[in-house]
Amino acid sequence: MRFLLVLLLALPMSLSAQPDAAVPPPATAEARAVLVIHGGAGTIRRDLLDDATEASIRAALTAALEAGYAAIQSGASALDAVTTTIAILEDSPHFNAGRGAVFTADGYAELDASIMDGATGEAGAISGVRHVKNPILLAREVMFHSSHVLLSGDGAEEFALLRGLDLVPNQHFHTDARRQALDRVLQRQHEQQQSERGAADQDAVPEQAVPEWQLEHPAPWQMTGTVGAVALDQDGHLAAGTSTGGMTAKRYGRIGDSPIIGAGTFANESVGVSSTGHGEYFIRNVTAYDIAARMRYLDEPLPSAAHAVIHETLTESGGTGGVIALGADGTVAMPFNTQGMYRGYIDADGTVTVQLYDDE
Ligand code: ASP
């Protein structure tokens, strides 16, 4: 049997099965990593980032990777490494998670997060919190110290208090850049409503009529900066986590994919995934789990499964965004269909790779 396998592997490519023509080859080169992170997908272009901001974002991603790597090197579990890494990204104002989170339509930061342990299948998540300094820590508390998976709003905040987590005023999360983004969206919505009203007055439908649903359809720059991490520890276990402020000008109470296990975050014994993008599409497509399912049921390699889920399923449904995924053998996939995605990984030997744009 083993002889036959060796013989098959030795056959030239032309004699072996061709890859499925419907799935274009994955853009991401295979790497062997112990930690992969993202800092959100969206309109991320060289002409929109000045040198100082770009350097600062790359430094923040590198610092998070190095901190998570140090944890893994010192024997921490994948779950601990994910928690450490995401908490650092939450404290950076560059990302839409913790400090630097986007605003709801009524001017608050409302945060969602989740975490999953691939070794045990345990998970914890929180949504709609306004005062928890590090939402990923609360998601972890839900996992370890409650009998639930997902806590929301006041109940989640009270649980944070009981568990002794740091609580902060909502202003802690606010930044000028996110305030300006909210102002832009509200202005755009106002203009659309005015144009619809004007048309109604004239009893005519304008050529540029905007359907109601499109008022809530985000421009790509409305969804940049969610953070996520997937780690592989020295025991070969995987864990994944995601943290976000959601989408600019979302209705208060709106819950995206990030705290939904299977959509925003998933981990099992063979792959860990964290998503970023227009959450409603990731929920409907069960994006993070779909990668694991393709690997398990179709026996697809991780890069092809991740590529198909983003460039076929998500794209064909009209969704935008990307994922990071890490396999138990250290394989990395980071596909996205936006103009960029803040992303990076660190190899077992400590080599850091950080990329922002779609041509890197
Ligand atoms: N997926 C997040 C949400 O829909 C947003 C993002 O990743 O940028 O809440």
Side-chain angles (χ1 to χ4, degrees), residues 37-40 42 52-53 56-57 59-61 63-64 67-68 82-115 124-142 145 150-186 221-229 241-256 258-259 264-265 274 276 279 342:
I37 62 173
H38 71 76
T53 309
S56 172
I57 290 167
L61 292 168
V82 163
T83 312
T84 300
T85 306
I86 291 184
I88 288 172
L89 294 169
E90 286 176 338
D91 288 339
S92 164
H94 287 301
F95 306 105
N96 170 21
R99 198 155 81 87
V102 299
F103 285 91
T104 59
D106 57 348
Y108 290 94
E110 235 176 54
L111 312 169
D112 303 334
S114 63
I115 192 161
I126 56 97
S127 73
V129 298
R130 292 185 172 191
H131 305 101
V132 179
K133 180 172 169 284
N134 289 107
I136 196 69
L137 299 185
L138 183 55
R140 188 195 163 96
E141 290 294 310
V142 170
H145 300 288
L150 173 57
L151 284 182
S152 71
D154 291 348
E157 304 248 12
E158 191 179 307
F159 186 66
L161 193 65
L162 288 174
R163 295 301 310 163
L165 294 191
D166 285 347
L167 298 178
V168 291
N170 199 256
Q171 288 78 355
H172 166 82
F173 304 111
H174 299 183
T175 58
D176 289 345
R178 299 301 187 188
R179 171 70 69 184
Q180 285 155 17
L182 175 65
D183 291 345
R184 282 204 298 271
V185 179
L186 294 180
W221 47 264
Q222 278 174 259
M223 41 168 243
T224 308
T226 292
V227 304
T242 310
S243 181
T244 190
M247 298 197 321
T248 302
K250 67 183 181 182
R251 283 182 195 278
Y252 81 87
R254 177 263 187 188
I255 299 172
S258 306
T265 298
S274 170
T276 175
Y342 298 152

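Note that the structure is predicted; figures quoted are calculated from it, not measured. Positions are given from 1 along the sequence.
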Separation between CG of Asn134 and CG of Leu111, rounded to the nearest 0.5 Å: 10.0 Å
Minimal non-hydrogen separation, Glu90 against Pro135, with atom names: OE2-CD, 3.3 Å
Nearest non-hydrogen partners of Ser243 and Ile86, listed with the distance: CB-CG2, 3.8 Å
Flag side-chain contact, heavy atom, 4.5 Å: Ile115 against Ile136: yes
Residues that Arg179 engages under salt bridge (Lys or Arg N to Asp or Glu O under 4.0 Å), provided they are two or more places apart: none
Distance-minimising heavy-atom pair for Ser92 and Ala60: OG-CB, 4.2 Å
Salt bridge (Lys or Arg N to Asp or Glu O under 4.0 Å) against Asp183, all qualifying residues, sequence neighbours excluded: none
Modelled atom types, side-chain donor and acceptor of Thr242 and Thr265, under 3.5 Å: yes
Flag, side chain of Asn170 to backbone of Arg130, donor-acceptor distance under 3.5 Å: yes
Donor-acceptor pair, side chain of Ser114 and main chain of Ser258, under 3.5 angstrom: yes
Distance, nearest 0.5 Å, that separates CZ of Phe95 from CG of Leu61: 4.0 Å
Minimum heavy-atom distance Ile255-Ser127, with the two atoms named: CD1-OG, 3.4 Å
Heavy-atom donor-acceptor pair, Asn96 side chain to Gly245 backbone, under 3.5 Å: yes
